[in-house]
2 protein chains.
Amino acid sequence: MNVMNDSPRRKELTRQAAQLFVQEGFDRTTVRMLAQEMGIKSGSLFHHFRDKQEILAAVIEEGTENALGIARAALDDCDSNPASRLHAMARAHLETLLTDRNAHVVALYEWRRLDAPARAHLSHLRDAYEALWEEVIDDALAAGLIRGDRFLVSRFVMGALNWTVRWYDPDGERTPDELAGELVAMLTHPAG
Amino acid sequence: MNVMNDSPRRKELTRQAAQLFVQEGFDRTTVRMLAQEMGIKSGSLFHHFRDKQEILAAVIEEGTENALGIARAALDDCDSNPASRLHAMARAHLETLLTDRNAHVVALYEWRRLDAPARAHLSHLRDAYEALWEEVIDDALAAGLIRGDRFLVSRFVMGALNWTVRWYDPDGERTPDELAGELVAMLTHPAG
DNA sequence: GATTTACACTAGCGCTTGCTTGGTTGACCC
DNA sequence: GGGTCAACCAAGCAAGCGCTAGTGTAAATC
């Protein structure tokens, strides 16, 4: 019937869908709204995506892959000092909000709207991202840089960072680097 | 036409609506689902609420008022020590998840679905709650208990706490008091 | 030059949505 | 014992929903 590969056209449509999903929420975004934003008619949309769910899955997949890529690159560019690795992860997280905000927000806040198969497929990506965080936090704990329960600390930190999408303005004064620095400063204790 | 006061019946219906809003999300919850949960027919629902939006507003109003009440009571029962006030606020926040989880979750995650008039009306309540937090955080900063930018610290802390609704199990092992203690321990620095 | 492919269109089906209308019931009141 | 009133119901409307069927067309491929 139609081709479900990841053509450049589909990539672009996915990007536009993400924008609308953020603005309106997945449920309130109709296929007619999506089509209008894309400059086509609603019927044509189903040439690129099997159904509305698949659009959501495509958006989330891209957002999570992007975040994962940025985080891995940040860690690779980094020495083995736990403090700088913590800082690098926080900065990477905030930088995804600069480069790919919409997809990232959708991944965070519309996850529940995925049907079971899509969720199963995408949870691996998500787990990989969270595993990076837990590794960095484990190192910071072991080095005595931060203190507390492993499970709780990672949840608190992820919470603080994920919440940034509600107030952080990428066009504002603060750079991701500064913000990451502030977070790490708040969490860490003077060495020794 | 019908009475929009806050009768006990309406209170109970609001409570049941909150449950469904959490389970399904506001947009996916239909008036027919709400009516069934309430044990009435969908038409009867509009005897108690003008429209679906008003049900959401009622839920959020109750949730925020509850959180505000618990937080104020917690601060009143507290000495003026910044550390114990910080702890008390965190504990109060988590306790609202015990006593009034659904309404509180809806207030956090369905805020955007409110129409403009309802949002204007309810934002005062929300501001009052956040003001309590900022006051407590200001004191902690002034006492050197935590460090960092006033604006950022309060956002990070609110983020960490608000995120708890995604993973905290009120029936689990940890009490709100313990959890609050862990958070404060993570944030605060040894005196001096 | 014929066939395929990618992408778009028109038209509308079957269903669900929030909400309205007009009426019934039973408890309470003077 | 007529009037009032909150609470509820049955029935359904108009609009909007996701999605499908069938067609057109220009470019690529054989």
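The figures that follow rest on heavy atoms only: side chains count, while hydrogens, waters and symmetry mates do not. Naming: A, B, ... by sequence-line order, numbering from 1 per chain.
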I40(B) CD1 to dT25(C) P, straight-line distance once rounded to whole Å: 19 Å

Heavy-atom pair with the smallest gap, counting every atom of E62(A) and T14(A): OE1-CG2, 3.9 Å

Would Y129(B) and H93(B) satisfy side chain to side chain donor-acceptor pair (under 3.5 Å), going step by step from the backbone distance to the final call? CA-CA 10 Å; Y129(B) 184 71; H93(B) 190 103; 2.7 Å; yes

Without decimals, in angstroms, what is the distance between Q36(B) CD and dA10(D) P? 13 Å

For nucleotides 17-20 of chain C, tabulate all protein N/O to nucleotide N/O atom pairs closer than 3.5 Å, reporting atom names and distance.
{"residue": "dG18(C)", "atom": "OP1", "partner": "T29(B)", "partner atom": "O", "Å": "3.4"}
{"residue": "dG18(C)", "atom": "OP1", "partner": "K52(B)", "partner atom": "NZ", "Å": "2.9"}
{"residue": "dG18(C)", "atom": "OP2", "partner": "V31(B)", "partner atom": "N", "Å": "2.9"}
{"residue": "dG18(C)", "atom": "N7", "partner": "R32(B)", "partner atom": "NH1", "Å": "3.0"}
{"residue": "dG18(C)", "atom": "O6", "partner": "R32(B)", "partner atom": "NH2", "Å": "3.0"}
{"residue": "dC19(C)", "atom": "OP2", "partner": "K52(B)", "partner atom": "N", "Å": "2.7"}

Euclidean distance, atom CD of residue E54(A) to atom P of dG18(D) [Å, nearest integer]: 16 Å

Whole-Å distance separating the NZ atom of K41(B) from the P atom of dT24(C): 18 Å

Separation of dC19(D) C1' from L34(A) CG (nearest whole Å): 13 Å

Check the orientation of Y109(A) and W163(B). Use parallel for under 30°, tilted for 30 to 60°, and perpendicular for over 60°. perpendicular

Rounded to whole Å, the CG-P distance (L45(B) to dC8(D)) equals 10 Å

Run the salt-bridge test on E12(B) and R9(B) with the 4.0 Å N-O cut-off and return the result as yes or no. no

Parallel under 30°, tilted from 30 to 60°, perpendicular over 60°: which one fits the rings of W167(A) and F151(B)? perpendicular

Look at E178(B) together with R174(B) and state whether they make a salt bridge at an N to O cut-off of under 4.0 Å. no

Would you say a side-chain N or O of H47(B) is under 4.0 Å from OP1 or OP2 of dA7(D)? yes

Taking only N and O in the side chain of R9(A), is any of them less than 4.0 Å away from OP1 or OP2 of dA8(C)? yes

Looking at H48(B), does any N or O in its side chain come under 4.0 Å of the phosphate oxygens OP1/OP2 on dC8(D)? yes

Length of the line joining E12(A):CD and dA8(C):P, which is rounded to integer Å: 12 Å

